[in-house]
Every structure is written in C-alpha cells, then in structure tokens.
Undergrad: 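Take a look at the following structure, please.
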Amino acid sequence: MVIVGSMMMGASIDLFVQADFGLDPLSLFQAGLGRVLHLSLGTTSQVLMISIIILLFFIDRKRIGIGSILNSVLVGAFIKWFSPVICTGGGTAAGRLLCLLAGLILMGVGIGTYVAAGLGEAGMDAMMMYLSGKLKKNVNVTRITIDILLSITGFLLGGKLGGATVVSMLVNGYMIQFTIELIGRFRRNKAVIEIGGQ
C-alpha cells in the first residue's frame, strides 16, 4: 500500500506539471524551494520529506515508521521516473484537463492509501495527522489549512500558482479522508467476514 500510494503521488505531481494549470500546494512549495536551492522537483521533494521526518522524530516519533522512510524516498524517485513519459509539454486543452483530473484523483487517493497502511506517514502527511490529532480537527480541515500556508509560501518563493492549486486545495483533504475511511471500512468488513468464517 505504501509503494502503490507513493507511486500514485509521484505520477500525480507529473500530471499536474503536464496539465500546466498550476501545481498542487505541496509541489508548489517544493518548486519554489527548489528554485531557491537550485534543485529539481524530485530532489527537493526527497530533501524536504526527510527533513520533516527528522523534525517529527523529536516531536512525535510514533508517527514515524518504515512507511515514512519509503514514502519520503519513493515519491521523489517516482516523480523522476514518470517525468520523461508524462511531462512532454503542450497538448490540447482537453488533454491537459484530463491530466489535471487524473492528478487530483491520484494525489488524494495516493496519500490516503499509504497513510491507511498504518506504517507511518512522511513529510506534510505526518504533520497533517499530527496536527489533526493535536487540534482535534478532521483530516480535511487540517489539510486545507496546511495547503493554504504551503501555497502562499511556495508562491512567494517563485512557484507557479494557478487554478489547479486552488482546486487541489479544496478537494485534496476530502479525497484523503474518503480514502482512509473507505480502506478502514473495507478492513473492518474483511475482519468480520474472517471471524464469521472461522
């Protein structure tokens, strides 16, 4: 689940780039940070995620697990892997809209999938879950707040803000929460069926 979720996240970021309607909030922040540090988007993603894991180690280490390490490394690797295939530039308006739609779905479902694996969260997702628990707010509200802060900061650092950024900001939290709850229900139903069959 961690690997599949990370793969979906990496592909979604490249789809946002191809759509060219602006990046999702986290990628916008990473792009802005990458401009300042003179690093690629994939490398910036890896550096940022690992830095946040180190920070979380001191404030809430129970959120860190093998999934945190895998996701931190794999998302950046998948961005680089999918980039030559997806980020070809140009394309029709309809094609770019399809890329945006696919990117939005894969981002939310990808984050929800690897978080639901329960092997630890990475980067902003770990911060999202940590703050959600601390502030007693649901994942959707916490994610929207984080995304707003990331978008503003990323834009100030020189990242590309666009319509896709705003749409992602509004739907990401819902998609993540829906996926986590859906997988949770599936696991509970499966457990009930297994107990009933014994």
Side-chain angles (χ1 to χ4, degrees), residues 1-50 52 70-115 121-125 128 140 143-144 146-179:
M1 286 173 69
V2 170
I3 293 169
V4 170
S6 300
M7 182 171 65
M8 286 192 281
M9 290 169 67
S12 74
I13 291 167
D14 283 327
L15 285 164
F16 271 97
V17 172
Q18 173 64 19
D20 198 29
F21 292 116
L23 297 170
D24 67 278
L26 178 56
S27 299
L28 170 63
F29 175 74
Q30 291 170 341
L33 188 62
R35 282 172 60 92
V36 174
L37 299 177
H38 304 291
L39 297 173
S40 71
L41 185 59
T43 302
T44 305
S45 171
Q46 291 172 324
V47 170
L48 180 63
M49 297 304 105
I50 290 170
I52 294 174
L70 284 172
N71 183 262
S72 296
V73 175
L74 288 176
V75 173
F78 280 123
I79 291 171
K80 294 176 185 176
W81 192 60
F82 284 119
S83 183
V85 180
I86 296 175
C87 301
T88 55
T92 64
R96 290 168 56 215
L97 282 170
L98 283 174
C99 285
L100 174 59
L101 179 61
L104 286 167
I105 293 170
L106 285 176
M107 177 63 73
V109 174
I111 293 172
T113 299
Y114 101 83
V115 168
E121 304 95 29
M124 291 301 169
D125 307 316
M128 171 186 71
N140 179 42
R143 186 67 190 209
I144 288 174
I146 290 173
D147 281 350
I148 289 170
L149 293 173
L150 288 173
S151 298
I152 292 170
T153 308
F155 177 69
L156 293 174
L157 289 173
K160 185 176 181 181
L161 181 70
T165 311
V166 178
V167 175
S168 177
M169 201 183 302
L170 295 173
V171 304
N172 229 3
Y174 286 108
M175 291 291 295
I176 295 167
Q177 187 163 334
F178 173 78
T179 304

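Here, residue 1 is the first one in the sequence, and each next residue gets the next number.
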Undergrad: For the atom pair CG (Leu156) and CZ (Phe29), what is the distance rounded to the nearest 0.5 Å?
TA: 11.0 Å
Undergrad: Quick check: do Leu97 and Phe21 have side-chain heavy atoms less than 4.5 Å from each other?
TA: yes
Undergrad: Taking it one step at a time, do Ser40 and Thr43 satisfy side chain to side chain donor-acceptor pair (under 3.5 Å)?
TA: CA-CA 5 Å; Ser40 71; Thr43 302; 3.0 Å; yes
Undergrad: Let me confirm one number: the OH-CE distance from Tyr114 to Met8, rounded to the nearest 0.5 Å.
TA: 12.0 Å
Undergrad: Is the side chain of Ser151 donor-acceptor paired with the backbone N or O of Asp147 at a distance under 3.5 Å, no angle test?
TA: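 Here the side-chain-to-backbone pair exists.
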Undergrad: Go through the steps to decide whether Val17 and Ile86 satisfy the test side chain to side chain contact (heavy atoms under 4.5 Å, CB included), and finish with yes or no.
TA: CA-CA 9 Å; Val17 172; Ile86 296 175; over 6 Å; no
Undergrad: Please report the closest heavy-atom contact between Leu106 and Ala11, naming both atoms and the distance.
TA: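 Nearest pair, atom of Leu106 first, then Ala11: CD1-CB, 4.3 Å.
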Undergrad: Report, as yes or no, whether the 6.0 Å neighbourhood of atom CZ on Phe155 holds more than 12 heavy atoms from other residues, nucleotides or ligands.
TA: no
Undergrad: Between Gln18 and Cys99 (side chain of the first, backbone of the second, donor and acceptor by atom type, cut-off under 3.5 Å), is there such a pair?
TA: no
Undergrad: Enumerate the side-chain hydrogen bond (donor to acceptor under 3.5 Å, both in side chains) contacts for residues 1-16, please, sequence neighbours excluded, ordered by first and then second residue.
TA: Ser6-Asn71
Undergrad: Just wondering, more than 12 heavy atoms not from Leu39 lying within 6.0 Å of its CG?
TA: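 Counting other residues, nucleotides and ligands, CG of Leu39 exceeds 12 neighbours.
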Undergrad: Please report the C-alpha distance between Met7 and Phe82 in whole Å, then the side-chain angles of each, then the deciding distance to 0.1 Å, and finally whether the side chain to side chain contact (heavy atoms under 4.5 Å, CB included) criterion is met.
TA: CA-CA 9 Å; Met7 182 171 65; Phe82 284 119; 3.7 Å; yes
Undergrad: Testing the basics here: between Phe16 and Gly22, what is the closest heavy-atom pair and its distance to 0.1 Å?
TA: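 In terms of heavy atoms, the two residues are closest at CD2-O, 3.6 Å.
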Undergrad: Once you round to the nearest 0.5 Å, how far does CG of Leu48 lie from CG of Leu26?
TA: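 Here the interatomic distance stands at 6.5 Å.
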Undergrad: Minimum heavy-atom separation for Ile144 and Leu170, please, with both atom names.
TA: CD1-O, 4.5 Å
Undergrad: Start with the C-alpha distance between Arg143 and Ile176, add both sets of side-chain angles, then the distance that settles side chain to side chain contact (heavy atoms under 4.5 Å, CB included), and finish with yes or no.
TA: CA-CA 9 Å; Arg143 186 67 190 209; Ile176 295 167; 4.0 Å; yes
Undergrad: Mind checking the CD1-CE spacing from Ile111 to Met175? Nearest 0.5 Å is all I need.
TA: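 If we round to the nearest 0.5 Å, Ile111:CD1 and Met175:CE are 10.0 Å apart.
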Undergrad: Do Leu15 and Leu100 pass the side chain to side chain contact (heavy atoms under 4.5 Å, CB included) test, and can you show the C-alpha distance, the side-chain angles, and the key distance before you say yes or no?
TA: CA-CA 6 Å; Leu15 285 164; Leu100 174 59; over 6 Å; no
Undergrad: Please report the shortest heavy-atom distance between Ser27 and Ile13, naming the atom on each side.
TA: OG-CG1, 3.3 Å
Undergrad: Out of the candidates Val36, Ile152, Leu28, only one should pair with Leu157 under the side chain to side chain contact (heavy atoms under 4.5 Å, CB included) rule; please name it.
TA: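 Testing each of Val36, Ile152, Leu28 against Leu157, the sole residue satisfying side chain to side chain contact (heavy atoms under 4.5 Å, CB included) is Val36.
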Undergrad: Tell me whether the count of non-hydrogen atoms from other residues, nucleotides or ligands lying under 6.0 Å of CZ in Arg96 goes above 12.
TA: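 Count over threshold, so yes.
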Undergrad: Which atom names give the shortest non-hydrogen contact between Ile148 and Met169, and what distance separates them?
TA: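 Where Ile148 meets Met169 most closely, the heavy atoms are CG1-SD, 3.3 Å.
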